[in-house]
Amino acid sequence: MMPLRIDQAPRLTRFLRAMDALVERHCAEAELLNGCEALLKELVAVDDWLPDTHAAPHPQFYQQYALHVDPLNRYSVVSFVWGPGQRTPVHDHGVWGVIGMLRGAERSAGFSLQDGRLIATGSEDILKPGDTSRVSPAIGDIHQVSNVYADRVSIGVHVYGTDIGKQSRHVYDLVAGTAKPFVSGYAAPVLEADA
């Protein structure tokens, strides 16, 4: 099946044009987070634009589908598709990010490194459709994310300040607190503007 062309998803196209304008201003991180969060809230406020090819769950593993990767690697947009009960390992991003909930609900449990030890911060966010949250090394970047539901799919839309599929980041061992590098990649190709 051919992927949906971006120009066939006008809501996503408007979001990407606005993101391009935002990152072209070379803003400080706080301004990028504020601007991106406002744009993402608008995008996830209506659930009529995500193509089925980028909303399909896997029976065992959560899926990270690339919706758009900026050609200059200034940002990327992905759909995270959670099958029932699926979760990530504890991980970081190494870059700013904004998460918006489109369908279902995500739970994010925060962690921090203190004296080389991984410590649960006690913070837990549950995002429901239309909700957003932020990550960044400057404000808190280590978490574990899971589908709140054991009986249905949940989908989040995440925006990161680089091509997150190529970003070297870390997963953490909950017992030892040790970090292991990984690169996530994507479960599907980037949507093509001129396919």
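The shown structure was predicted, so the numbers you read here are calculated from the model rather than taken from an experiment. Start at 1 with the first residue, then count along the sequence.
- Without hydrogens or angle criteria, E31 side chain to A28 main chain gives no donor-acceptor distance under 3.5 Å.
- What you find for P84 and A150 is that their closest heavy atoms are CB-O, 3.2 Å.
- When all heavy atoms of D141 and G94 are compared, the closest pair comes out as OD2-N, 2.8 Å.
- Judged as a salt bridge (charged side-chain N to carboxylate O under 4.0 Å, His left out), and not counting sequence neighbours, the contacts of R134 are E37.
- None of V135, L127, V145 except one satisfies the side chain to side chain contact (heavy atoms under 4.5 Å, CB included) rule with S108; the exception is V145.
- In terms of modelled atom types and a separation under 3.5 Å, the side chain of Q144 and the main chain of T88 share a donor-acceptor contact.
- Residues I126 and A105 share a closest heavy-atom pair of CG2-CB, 4.4 Å.
- Ring centroid separation for the pair H91 and H170 does not come in under the 6.0 Å cut-off.
- Sorted by first and then second residue, the salt bridge (Lys or Arg N to Asp or Glu O under 4.0 Å) pairs with a member in residues 103-116 read D47-R103, R107-E124; sequence neighbours excluded.
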Taking it one step at a time, do L102 and F80 satisfy side chain to side chain contact (heavy atoms under 4.5 Å, CB included)? CA-CA 10 Å; L102 188 66; F80 261 86; over 6 Å; no
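- Between E42 and R14 no salt bridge is recorded (no basic side-chain N to carboxylate O distance below 4.0 Å).
- From D70, atom CG reaches atom CG of D20 across 6.0 Å, with rounding to the nearest 0.5 Å.
- D48 is linked by a salt bridge (charged side-chain N to carboxylate O under 4.0 Å, His left out) to R11, counting only residues two or more places apart in sequence or in another chain.
- Of the listed residues (Q167, H143, R169), just one forms a side chain to side chain contact (heavy atoms under 4.5 Å, CB included) with D92, and that residue is R169.
- Nearest heavy atoms, Q64 versus S184: NE2-OG, 3.0 Å.
- When atom types are taken as modelled, the side chain of Y160 and the backbone of G97 share no donor-acceptor pair closer than 3.5 angstrom.
- Looking at heavy atoms from C-beta onward, T162 lies out of side-chain contact with W96 at the 4.5 angstrom threshold.
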Run D131 and D125 through side chain to side chain contact (heavy atoms under 4.5 Å, CB included) and show every step you take. CA-CA 10 Å; D131 291 345; D125 293 325; over 6 Å; no
Before you tell me yes or no, could you show the steps for L40 and F15 under side chain to side chain contact (heavy atoms under 4.5 Å, CB included), namely the whole-Å CA-CA distance, both residues' side-chain angles and the distance that decides it to 0.1 Å? CA-CA 8 Å; L40 190 56; F15 172 80; 4.3 Å; yes
Audit row: F61, V81, side chain to side chain contact (heavy atoms under 4.5 Å, CB included) steps and yes/no: CA-CA 9 Å; F61 311 107; V81 181; over 6 Å; no
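- The minimum heavy-atom distance linking S76 with I164 is given by the pair OG-N, 3.2 Å.
- One finds the CD1 atom of I119 at 5.0 Å from the CD atom of Q114 (value rounded to the nearest 0.5 Å).
- Ring to ring, Y75 and H68 are close: their centroids are under 6.0 angstrom apart.
- Heavy-atom neighbours of K166 NZ from other residues, nucleotides or ligands within 6.0 Å: at or below the threshold of 12.
- Of all non-hydrogen atoms in Y62 and W82, the two that sit nearest each other are CB-CE3, 3.5 Å.
- Residues satisfying the salt bridge (charged side-chain N to carboxylate O under 4.0 Å, His left out) criterion with R117, sequence neighbours excluded, are absent altogether.
- Looking at T121, its side chain does come within 3.5 Å of a backbone N or O of G110 through a donor-acceptor pair.
- Heavy atoms from other residues, nucleotides or ligands lying under 6.0 Å from CG of D52 number 12 at most.
- Within the structure, the salt bridge (Lys or Arg N to Asp or Glu O under 4.0 Å) test picks out no pair touching residues 153-162 (sequence neighbours left out).
- Without hydrogens or angle criteria, H54 side chain to A66 main chain gives a donor-acceptor distance under 3.5 Å.
- Shown here are the side chain to side chain donor-acceptor pair (under 3.5 Å) partners of Q60, two or more places apart in sequence or in another chain: there are none.
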